[in-house]
Each structure stands twice: as structure tokens, then as C-alpha cells.
Number of protein chains: 4
Amino acid sequence: MTVHSRPAPAVVLGQNQYGKAECHVVRITRNGATHHIKDLSVSVALSGDLEDVHLSGSNANCLPTDTTKNTVYAFAKKHGIESAEQFGILLARHFVTSQGPIKRARIRVEEYAWDRIAGGVEGGGGAGEANGSVASGHSFVRSGQETRLAQVAFDGERWQIVSGLKDLVVLNSTNSEFWGYVKDEYTTLEEAYDRVLASEVSARWRFGWSGDPHREPAWESTYRRVRADMLQAFAETYSRSLQQTLYEMGSRVISRNDEIDEVRFSLPNKHHFLVDLEPFGLENDTADAAVYHAADRPYGLIEATVLREGAEAGIPPDLTNL
Amino acid sequence: MTVHSRPAPAVVLGQNQYGKAECHVVRITRNGATHHIKDLSVSVALSGDLEDVHLSGSNANCLPTDTTKNTVYAFAKKHGIESAEQFGILLARHFVTSQGPIKRARIRVEEYAWDRIAGGVEGGGGAGEANGSVASGHSFVRSGQETRLAQVAFDGERWQIVSGLKDLVVLNSTNSEFWGYVKDEYTTLEEAYDRVLASEVSARWRFGWSGDPHREPAWESTYRRVRADMLQAFAETYSRSLQQTLYEMGSRVISRNDEIDEVRFSLPNKHHFLVDLEPFGLENDTADAAVYHAADRPYGLIEATVLREGAEAGIPPDLTNL
Amino acid sequence: MTVHSRPAPAVVLGQNQYGKAECHVVRITRNGATHHIKDLSVSVALSGDLEDVHLSGSNANCLPTDTTKNTVYAFAKKHGIESAEQFGILLARHFVTSQGPIKRARIRVEEYAWDRIAGGVEGGGGAGEANGSVASGHSFVRSGQETRLAQVAFDGERWQIVSGLKDLVVLNSTNSEFWGYVKDEYTTLEEAYDRVLASEVSARWRFGWSGDPHREPAWESTYRRVRADMLQAFAETYSRSLQQTLYEMGSRVISRNDEIDEVRFSLPNKHHFLVDLEPFGLENDTADAAVYHAADRPYGLIEATVLREGAEAGIPPDLTNL
Amino acid sequence: MTVHSRPAPAVVLGQNQYGKAECHVVRITRNGATHHIKDLSVSVALSGDLEDVHLSGSNANCLPTDTTKNTVYAFAKKHGIESAEQFGILLARHFVTSQGPIKRARIRVEEYAWDRIAGGVEGGGGAGEANGSVASGHSFVRSGQETRLAQVAFDGERWQIVSGLKDLVVLNSTNSEFWGYVKDEYTTLEEAYDRVLASEVSARWRFGWSGDPHREPAWESTYRRVRADMLQAFAETYSRSLQQTLYEMGSRVISRNDEIDEVRFSLPNKHHFLVDLEPFGLENDTADAAVYHAADRPYGLIEATVLREGAEAGIPPDLTNL
């Protein structure tokens with residue numbers, strides 16, 4: 001038996017968490033022939049008195065990840081899914097208050113949006129028992145744009161709610177410049193006075209909500225408003241850098257949504273390069289049109305937090321993986 | 001020199017093709033302050049007198065893939081991108097007619113759709129020189145639903161145009177049954193009289209068009225109509241199997257679109273399993289709601305071609321990779 | 001009820017197939033403390049008398065995809081998994097011979113390879129009951145290089161067996177040229193006399209085997225030999241084009257493996273561009289080193305079939321998706 | 001001009017960083033006919049006096065991301081790539097010391113490993129000028145197992161070096177149990193006394209190195225040792241939970257590698273479920289073999305830090321995305 005096999009004096013356990021990840025739960029709520037759909041991927045992470053699970057092999061304090069999965073599905077039926085945030089709150093409270101050793105729960109949700117399929121244009125249908133008007137009540141197409149995100153953390157006393165989105169791809173075909181920057185010995189970039197600005201928005205916003213049930217934010221309408229604010233700020237900003245556009249987006253969110261204290265963005269600069277068509281006797285960037293090569297990698301990556309004055313940052317700087 | 005190095009008598013070259021794949025071309029067309037965007041990934045595949053390129057190392061007949069890429073970008077500027085199909089036709093004709101050794105060209109296109117970002121709700125804007133109304137002319141958000149597809153093949157005489165889409169996720173929350181099937185010794189599935197039916201539609205449709213410029217189909221409006229037909233047939237069909245739904249979708253496309261002779265679908269059955277909540281004292285599938293586990297793999301895969309009577313199938317059976 | 005809802009006279013059903021896709025089956029075979037692992041993703045596609053399933057909603061001829069899944073797992077236990085090909089043969093024969101309406105079965109397999117984890121270097125172990133030598137019998141790390149492929153098709157009489165691989169990334173840092181090609185008005189590429197040649201090999205090879213049980217190929221050893229032949233031909237070929245390298249790889253496979261009549265490759269040209277470092281006062285391509293930008297898209301795509309003389313091509317030209 | 005457009009008093013800029021991400025640089029180093037390859041994806045993130053870039057649109061302090069990209073390629077040629085960590089150190093020091101406004105640099109690297117292609121077994125070669133022995137000097141196949149990671153952070157004074165890996169898939173086919181856990185009203189899991197334990201290892205380890213050039217760790221050999229330690233600890237641990245296995249892996253790394261103060265793991269529990277074959281008259285888990293369904297989602301996710309006693313944790317708890 002060598003010293004490395006169980007070097008108890010020298011090694012300690014640090015932060016740890018566990019749970020079931022990516023439980024894909026779909027709830028159909030039926031109001032007669034009109035159905036509603038909620039489509040969520042839920043990930044549970046629990047922390048607490050779990051030293052023994054790691055060190056001695058005793059699972060006496062370990063609620064199995066399988067049980068956390070079952071709880072997600074049972075709660076979806078029992079309590080419904082009012083919103084991603086509210087569902088996360090129910091789950092986090094349950095795990096922390098029902099299990100002594102569990103001191104902290106973090107629930108992450110991805111939500112996929114669905115639109116209704118429009119009814120037949122000619123009063124149609126006719127296949128089987130269904131017809132156009134019934135169809136619109138139970139037929140859906142995934143909207144497929146951004147993925148909505150929510151994270152609920154609860155330690156028995158304090159709540160931290162962070163909402164967000166990812167995969168929202170935006171583009172301005174003008175009103176973007178980039179010049180006046182530092183030039184060093186490795187700089188070859190030419191200044192741009194009219195360029196395409198495109199990004200895939202990844203954003204997280206933190207609510208100031210302390211857990212007071214009488215002041216719970218309206219999660220659904222806030223989501224719609226924040227999303228619209230970000231899009232409009234992106235569209236309306238005359239940009240000298242993606243950093244400036246980012247700040248305008250964050251500033252708009254903070255100043256128009258009192259519930260939100262902080263927003264963080266991770267914005268890849270999805271480069272659109274003007275193709276050099278001169279070798280083919282063509283001028284590219286003319287008054288009527290321009291053609292770009294949309295590049296994959298590398299890409300600029302612009303990340304920043306925008307805060308309500310006086311608020312402390314709570315969203316970690318690295319949304320991307322290490 | 002060993003026998004295996006160039007066993008000329010025993011080995012022959014079969015079908016071959018080459019070209020640049022996934023040229024990501026974005027064209028901004030400007031009508032004053034109102035801009036329009038076309039966003040395509042274009043792949044070129046050329047065939048012809050290319051034996052020497054493979055056998056002797058002579059590239060005398062080889063138009064470099066780099067040149068095919070340049071041609072894509074130059075044509076986008078020079079001729080515009082009216083539609084994915086029309087752009088593919090221009091490219092295919094160019095390669096076959098301008099290069100003696102090139103006898104056949106196949107152009108594949110993926111197209112990504114964009115919506116305009118709506119202007120500020122409060123007459124807003126104000127950042128920089130832009131304002132709400134200008135913004136709507138040059139600001140876009142990727143619609144993110146399905147990916148549009150087009151394939152153009154030309155051999156100097158005949159044209160084959162296949163359009164399509166993928167990634168369109170649909171779901172009916174009722175009006176789907178599955179029962180009365182074969183039971184063998186490996187069958188454990190229980191019959192279902194009301195289930196969720198969901199799929200991610202991958203479809204290809206072939207036009208009957210022979211190349212007559214006076215009878216060229218209206219590619220854009222046909223795409224919109226076929227897409228709507230498929231969605232409505234999916235929504236309106238009371239389904240006893242995904243096969244039946246597929247057939248109704250195909251039948252709708254063929255019977256309502258005279259330009260189209262054939263349509264093929266690859267429809268994964270995205271299983272939504274009712275979760276057994278009985279161990280928790282809950283009834284799941286009640287009048288007001290039900291909760292499902294949305295599974296990833298394995299999935300049923302239903303594939304079929306639907307044809308106009310008298311038409312010969314031209315779309316290969318395997319849309320998926322070998 | 002409008003004419004489009006069931007236009008029976010004008011629309012017909014074409015080729016169709018169905019089954020469960022991507023059944024991820026892992027079999028552990030135990031020889032005392034020495035375990036062996038087979039890790040397969042199996043996809044079943046059945047064809048036959050299935051008109052009614054599509055047209056009338058009768059499932060009387062439909063073996064559920066759930067049953068095909070059960071069969072995969074049951075056969076893995078009952079018959080073992082000697083090789084991907086042999087397992088596919090067992091399944092295909094079962095479906096076609098046991099189900100009257102099923103006339104044709106196609107089984108596709110992806111196989112993931114595992115290596116044993118080497119025992120402790122210091123005679124170590126010591127945690128729990130295990131020690132180094134026991135560990136090597138039941139501990140595995142996924143090798144992660146290529147994915148092995150097999151496709152078995154059976155129509156009750158004839159067999160077609162196609163094996164293959166994908167995701168095998170290779171690179172030659174010299175012995176590759178590209179010059180002497182066609183120049184047209186869109187050509188800007190400069191000739192290259194010493195370049196990097198890299199690709200991600202996707203290959204399929206078809207066996208001549210007719211089903212005679214006494215002449216069944218040795219699937220495992222053939223796989224290893226074909227893989228080695230391709231790699232060595234890639235390494236040893238002084239290349240004037242990727243087409244030439246492809247042909248040498250195919251030629252090597254055909255001439256050294258009598259069981260194989262045909263091989264098809266889909267070889268992306270993974271471009272490595274010499275970075276222009278002159279603006280920084282650096283010469284890039286010197287005797288001791290060179291630095292490249294490895295680009296993602298677009299990429300050249302070179303595809304071809306190489307055949308034994310007299311053999312008819314059976315592998316479809318398009319390994320990639322439409 | 002409305003109040004939301006620039007609410008300066010209420011909104012402040014928080015942490016921010018920017019740079020070019022995923023510069024894919026390949027360096028070929030030539031020792032005569034024997035070539036060596038380094039294949040890295042490098043991401044730069046810079047922080048400092050960048051308020052104006054966000055607030056006023058002045059880029060006077062902004063070194064373009066394009067320049068950071070150029071620097072990566074130029075440094076790869078000029079200084080070589082000794083290791084991912086050492087290359088990151090060169091870059092981080094350069095950005096912080098050469099640019100006044102840049103106060104902190106973080107360099108992330110993904111490294112892809114390559115093996116040499118073995119020479120021809122029959123003394124072969126013969127195609128072109130190459131032969132077997134030359135081939136082995138310039139021909140490579142991507143090893144494809146784990147992806148190596150490195151992160152270097154420098155603020156002008158202190159260094160933080162975190163190395164790691166991801167995508168390393170491991171499996172023990174026995175010596176794993178899970179029982180004695182908490183049972184609540186949502187628990188249905190049955191206890192397991194012999195199960196498959198599989199994971200895809202994602203690990204990060206932090207070095208204690210303070211920047212002293214005379215005590216710089218041997219990055220390459222440490223990487224190989226840590227990797228071997230983790231694999232062996234995984235193989236040799238008789239496991240009562242994945243948590244316990246994780247702790248043994250971390251403990252082994254800390255106790256055997258003096259340079260390392262902390263290691264964090266994110267270990268998905270890749271569930272392998274014993275398939276119920278009783279309905280088919282088969283016993284599954286017999287002495288000679290067992291068949292499992294390898295599931296994708298949901299999965300257990302076990303995450304923890306293991307520390308050298310007295311060390312403070314520096315690796316953020318969330319390796320996964322929010």
C-alpha cells in the first residue's frame with residue numbers, strides 16, 4: 001500500500017454539487033380542445049453535507065439523482081409549469097426544505113418555445129376526424145429562434161434568480177463602424193466606416209428579487225420585454241464597436257426593467273468579410289449591394305456586465321466553458 | 001515497386017465529383033435605407049473528364065475548388081440571388097457550359113431565413129444617429145426555424161431541381177393513435193389511443209421542370225406553399241401512424257402543387273413517453289394535463305416517397321448518411 | 001371536403017422504410033475477471049407490404065419500431081455480437097424471414113472502439129478491493145479515433161454488406177503539390193509545390209460476399225487491414241491532388257483485399273493556409289518550421305468510387321446528406 | 001430623446017473582456033525529414049482600461065481582436081509552441097506588458113493530439129517519391145481521444161495556470177455499487193450491487209506556480225502524469241458512488257503531483273441500464289454477459305473540487321455553461 005492511495009492528511013474536498021441534468025419534460029395542459037405546451041430541459045444541482053459520500057462511500061445523505069429526476073416530472077404534473085423561473089423556485093425550495101443534508105439547490109432550465117400551426121387556408125382539413133379549427137388547438141411548430149434560460153439558486157434563506165437566452169442571431173447591415181483603435185506591430189486590420197455587425201446573443205440577467213412572495217416578478221412578461229429591449233437596442237444603436245452596442249443593450253435592459261439589477265452578455269462578433277471581387281472586374285461594395293463571406297472561426301468575443309448603480313455583480317464572468 | 005502500388009489492370013475509377021463545399025455567402029441588397037438579406041451556404045460538385053486527375057496526377061482538366069468558391073461570390077454580386085434554386089441554376093449552367101471537361105454540375109444550397117427586427121415601441125431609438133424607423137430597414141434577427149434546401153443538377157441537357165427543408169419540429173398533442181399492429185415474441189409495446197405525435201421534418205420535393213425558361217416555377221412562392229401544405233396536413237390529419245401522417249403530408253403537396261412530381265420525407269418519431277407517476281400517488285394523463293418525457297434516442301424513423309402518378313422516383317431513398 | 005384531402009387517383013406511394021434508429025447497445029462479455037466490451041448504435045429499416053399502413057391507417061402489417069428495438073437488445077444477449085457485420089446479418093435475416101410482410105431489411109451500425117486502461121505503474125491501486133491487475137480486466141477508455149460503420153441489406157435472397165469508417169483525421173505535412181490546373185476568369189489560386197494535405201476520411205467498402213456461410217469474410221481482421229491500407233496509402237503517396245491520393249487509397253484497398261469489390265471515399269480537403277507573416281517582418285515557410293491557419297469552411301470536397309475491374313457500383317454516390 | 005437611451009446615472013459597466021476566440025493554429029516543425037506537429041485552438045481575452053470603448057465609442061484603448069489573432073500566428077512562428085501552457089504564458093505576458101491599457105490577459109487553449117502513421121508493413125510505399133520510412137516522418141493521424149486544455153491568466157504580477165482535459169470517456173464494467181441512499185416519496189430507484197460506471201471526464205487542475213522562471217513546471221510530462229493518474233484511479237477504485245470515484249481521482253492527482261494545488265471534475269454519470277429481457281424468456285445479467293442500453297439524457301452530473309490542504313480554491317465551480 002503506497003502513500004498516494006489515501007493521502008488523508010494532505011487532501012481536502014472543496015465545493016461539490018450533484019443532481020440529474022437535462023430532464024426533458026413536456027407538459028400538455030388541456031383547456032378542452034385548446035392545448036398548451038411547456039417544453040423544458042431541467043437540471044438539478046444539490047449541495048450540502050455530502051463529505052461522506054465522497055470520502056467514505058456512505059450514501060446515507062445522498063438523495064439519488066434518479067429521485068431528483070422523478071421529482072421534476074411529478075412536480076410538473078402536480079404544480080404545473082407557470083414559468084421556467086417559478087418551476088425552478090418550487091423545485092429548489094422542495095429539495096432544500098425537505099432534505100436535511102441538502103443546504104443549497106440550483107435549478108437550471110432551458111425552455112424551447114412553440115407556435116401554433118395556423119389552420120387550413122381553405123377551411124380544409126378533412127383527413128380523419130380533425131378539421132382546420134380543431135387543428136389549431138393541438139398542433140404546434142417549434143419556433144426555433146432563441147433558447148430561453150433560467151437559473152434558480154436557493155440556500156434556505158436567499159434566492160438568486162438569473163434568467164437569460166442564447167442562440168439569438170442578429171445582424172445590422174449598416175450603421176456600424178470600427179476605427180481609431182490601437183495600432184501595434186501586429187496590426188494589419190483596415191479601418192471600417194460601414195460594416196456588417198452580426199452576433200449570436202447570449203445574455204443572462206439577474207433579478208433583485210429577495211424572495212418576498214408579494215413582490216415576485218412577472219417572469220413571463222419580463223422575459224418578453226427584456227428580449228424586445230435587447231433587440232431594439234441592437235437595431236437602434238449606431239455602433240462604433242460591438243462593445244458599445246453591448247453596453248447600449250445592457251443599459252436599455254437595466255434602465256427599463258426595475259426588477260433587474262445586472263445583465264451580462266457574451267457576444268461573438270460574427271465576422272462578415274467583404275469579398276475582394278476586383279480580380280474579376282467587379283466592384284463589390286456598391287450603392288445597391290454587397291457580398292460577404294460569413295466566417296466561422298476565429299471570431300471576436302466581446303463579454304461584459306452592465307449593472308444598476310449600487311448593485312453587486314452576481315453573474316460569473318465566464319458564461320463560456322473553461 | 002510492389003504489385004499493390006499501381007495495380008492498373010485490376011482497378012478502375014468509378015463515379016467521382018469534387019468542388020468547394022459550404023461557401024457561406026451573404027448578400028445585402030440596398031433599396032435606399034431598406035436593405036434585404038440573402039444568407040446561403042453553397043456547395044459545388046463537378047463531374048466530367050477527370051480520370052487523369054485521379055490516375056496520373058495531371059490537373060490539366062481540373063478547375064480548382066478555390067475557383068468554384070470565387071465563382072459563387074462573384075455571381076452573387078453580379079447576378080444577385082433571386083432564390084436558392086435560381087442561383088443554383090446560374091452556377092450549374094456556368095460550370096457545365098464554360099468548362100469543356102466538366103460534364104455535370106450539382107449545386108446544393110442551405111438557406112437561412114431572417115426576419116426584420118421591429119422598431120421601438122415608444123418611438124424610441126435615440127442612440128447614435130439611428131432611430132426606430134431606420135432601424136427596421138437594416139436590422140435582422142435569424143428566424144431560426146427550418147433550414148431551406150435546394151439542389152440543382154445539370155448535365156448540359158437535362159435539369160433536375162430538388163427543393164426541401166430540414167429541422168422543422170412539429171408536434172400534435174392529440175389526434176394520434178397507434179394500435180392493431182403485429183405482435184411477435186419481442187413485442188412489449190402497449191397500444192395507444194391518444195398519444196403525442198412529434199417529428200422533425202426533413203423533406204425534399206422534386207420539380208417536373210425540364211429547363212424551359214418560359215415555364216420556370218416561382219421558386220419562392222412554391223416554397224412557402226409547400227411548407228404551409230405540409231404543416232397543415234400534419235395538423236389536420238387524425239393519425240393512426242406516423243406513416244399515415246407522412247402520406248397525407250406528401251399527398252397534400254403533390255395534389256396542390258402541379259410543379260412538383262415527387263416528395264420524400266425522413267420523419268423521426270420523436271417519442272414523448274407518458275411518465276408513470278403512480279408511485280407518487282399521481283394520475284398522469286388526466287383531462288386537464290399530462291406530463292411526458294421527451295426522449296432523444298432511439299427514435300422511430302419513418303421514410304417514404306410520395307409520387308405523382310406516372311412520375312418516376314428521382315430522389316434517392318437515403319436522405320440520411322450511410 | 002376538397003379535392004386535395006385524399007386525391008387517390010393522382011398520388012402514389014413510392015419507396016418506403018421504417019424502423020428504430022440509433023439503439024445504443026453495450027454488451028459486456030465476461031471471461032472471469034477479464035471483460036470484453038462491444039458498443040454499438042444500431043438502426044433498423046424495414047420495407048415490404050406496407051401500403052396499408054400509409055394509406056388506410058391499418059397497422060396489420062406493421063411490426064412496431066419498439067419491437068425492432070427490443071429485438072436488437074435481445075439478440076445482443078442471445079447471440080452475442082461477434083462483429084458489427086455479423087450482428088447485422090443476424091438481425092436482417094430475422095426480420096425478413098420471421099415477418100411475412102417484411103421483404104427487405106437494412107441494418108446500420110456505428111461502432112465505438114474501447115481500449116483497456118493500463119494498470120498502475122507502481123503496482124499501485126489499493127483503493128477498495130481492486131488492484132492494478134484486476135483493473136485492467138474491466139476498465140476501459142474510449143479510443144475515440146474513427147467511428148466504425150457497417151450496413152447489412154437483405155431481401156430474402158441477396159446480401160449486400162458495406163463496411164466503413166468516418167471521423168478519421170489525417171495529415172501529411174509535406175509531399176503534396178497542386179499545380180498545372182485550369183485557369184479561368186475566376187481563378188486566383190496560386191500554385192503550390194509543397195503544401196499540407198489533410199482530410200477527415202469517410203470511407204465505405206462493399207464486399208463481394210453472396211451469402212455463402214462457408215465463405216463469410218473475416219469481418220474484424222478485414223476491417224483492421226483496410227484501415228491500415230488506407231492510412232499507409234495516404235502516408236506513402238506523393239500527391240499532386242487529393243484526387244490522386246484518394247485513388248491510391250482506394251486502389252490499395254481493392255488490390256490487397258480480395259473480399260472487397262468497391263470502395264467509396266468522401267474526403268474533405270481540410271485546408272491549412274500558410275499565414276502571411278511578412279507584415280510582421282517574419283518569413284513563415286522556412287526550413288525549420290511553418291505556421292498554418294486551419295480553416296473550417298468552405299472546404300474542398302473530393303468524392304470518388306474505386307472498383308475492382310468488372311464489378312458494378314453498389315454504393316450510392318452521395319455519402320453526404322442532400 | 002427618452003430617459004432610457006443613455007441613463008448614465010443609473011447604469012454602470014462591470015467586468016468586461018474581449019479578444020479573438022478559437023484561432024486554429026497548426027505549427028509544423030521540421031527536423032530534416034522528421035516533422036513535428038502542434039495543433040491548437042487559441043482564444044485571447046483582454047481586460048483593462050476599456051470603459052471608453054463601451055461608453056463613448058472611442059476605440060483609442062482598443063487593440064483590435066484581429067491584432068490578437070495576428071499575434072497568435074506570429075508568435076507561433078517566432079517563438080515556437082513548446083507546450084500549450086508555455087505558449088499561453090508568452091502571449092499573456094506580451095499583451096499585458098506591451099499595451100498600457102491592457103491590465104489582464106487570459107489565454108485559453110484547446111490542443112488536439114496527433115499520432116504518427118506507422119510505415120508500410122511490407123517495406124511498401126512506392127507511390128511517387130515517398131517510401132515507408134519517409135512517410136513516418138510527415139504523416140499523422142489525429143489521436144482523437146481527449147481534448148487537452150490550458151488556461152493562462154496574468155495581471156502583470158500574478159500568474160494563474162489551469163490545465164485540463166475534456167471528452168475522455170471511461171467505463172468500468174464492474175466494481176461499482178450504489179445503495180444505502182436516502183429514500184423519499186419520489187424515490188423509485190432500486191439499489192445496485194454490481195453496475196456499469198461510465199463517465200466522460202472533464203477535469204481542470206490548477207498549478208501552484210507563482211511565475212518564478214526557475215521553478216516552471218514541466219507542462220508536458222505533468223500532463224501525461226495527471227492523465228495517467230486519473231485513469232488509473234478510475235480503474236482501481238472500487239466504487240460506492242461516482243462521487244467516491246471522483247474523490248479518488250482528485251486525491252491521486254493532488255498527492256502525486258506536487259505542482260498541483262487543486263483539481264476540479266465535472267463527471268456526467270453516463271447511465272448504462274440493464275435491459276429487461278424477461279418478457280423474451282431471457283435472463284440478462286448472467287455470469288458470462290450482460291446487455292445494457294446506453295442512455296443519453298438525462299444523466300447524473302457529479303461535480304467537485306479536490307484541494308491540497310491549505311490551498312484556496314481558484315477554479316470556478318461551474319465548468320458547464322449557465
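Labels below follow one simple rule: chain letters A, B, ... track the order of the sequence lines, proteins then strands, and each chain is numbered from 1. Basis for what follows: all heavy atoms, side chains included, without hydrogens, waters or symmetry-related copies. Being a predicted model, the structure only gives us computed values, none of them experimental.
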Using heavy-atom distances under 4.5 Å, tell me whether Thr245(D) contacts chain A through its side chain, its backbone, both, or neither.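 Thr245(D) has no heavy atom closer than 4.5 Å to chain A.
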Measure distances from Thr67(D) to the heavy atoms of chain A and classify the residue's part below 4.5 Å as side chain, backbone, both or neither.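 Both the backbone and the side chain of Thr67(D) come within 4.5 Å of chain A.
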Would you call Arg240(D) and Asp52(A) a salt bridge, using N to O less than 4.0 angstrom?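 Here Arg240(D) does not pair with Asp52(A) in a salt bridge, since their nearest N and O are not under 4.0 Å apart.
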Residue [X] versus chain D: region with a heavy atom under 4.5 Å:
X: His54(A); result: both
X: Ser56(A); result: backbone
X: Asn61(A); result: backbone
X: Lys69(A); result: side chain
X: Gln99(A); result: side chain
X: Ala313(A); result: neither
X: Thr305(A); result: both

Residue pair Tyr18(A) / Leu50(A), side-chain heavy-atom distance below 4.5 Å: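 Of all side-chain heavy-atom pairs linking Leu50(A) with Tyr18(A), at least one is under 4.5 Å.
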Taking Arg106(A) for the side chain and Val152(A) for the main chain, is one N or O donor matched with an acceptor at less than 3.5 Å?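 Not a single qualifying donor-acceptor pair exists.
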If only atom types and distance count, is the side chain of Ser58(D) paired as donor or acceptor with the main-chain N or O of Ala60(D) below 3.5 Å?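 Such a contact is found between Ser58(D) side chain and Ala60(D) backbone.
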Given the options Leu63(A), Val306(A), Ile302(A), Val44(A), which has more heavy-atom pairs under 4.5 Å with chain D than any of the others?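 Between Leu63(A), Val306(A), Ile302(A), Val44(A), the count favours Leu63(A).
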Would Tyr186(D) and His94(A) count as a close aromatic pair, with their ring centres under 6.0 Å?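 So the answer is yes for these two rings.
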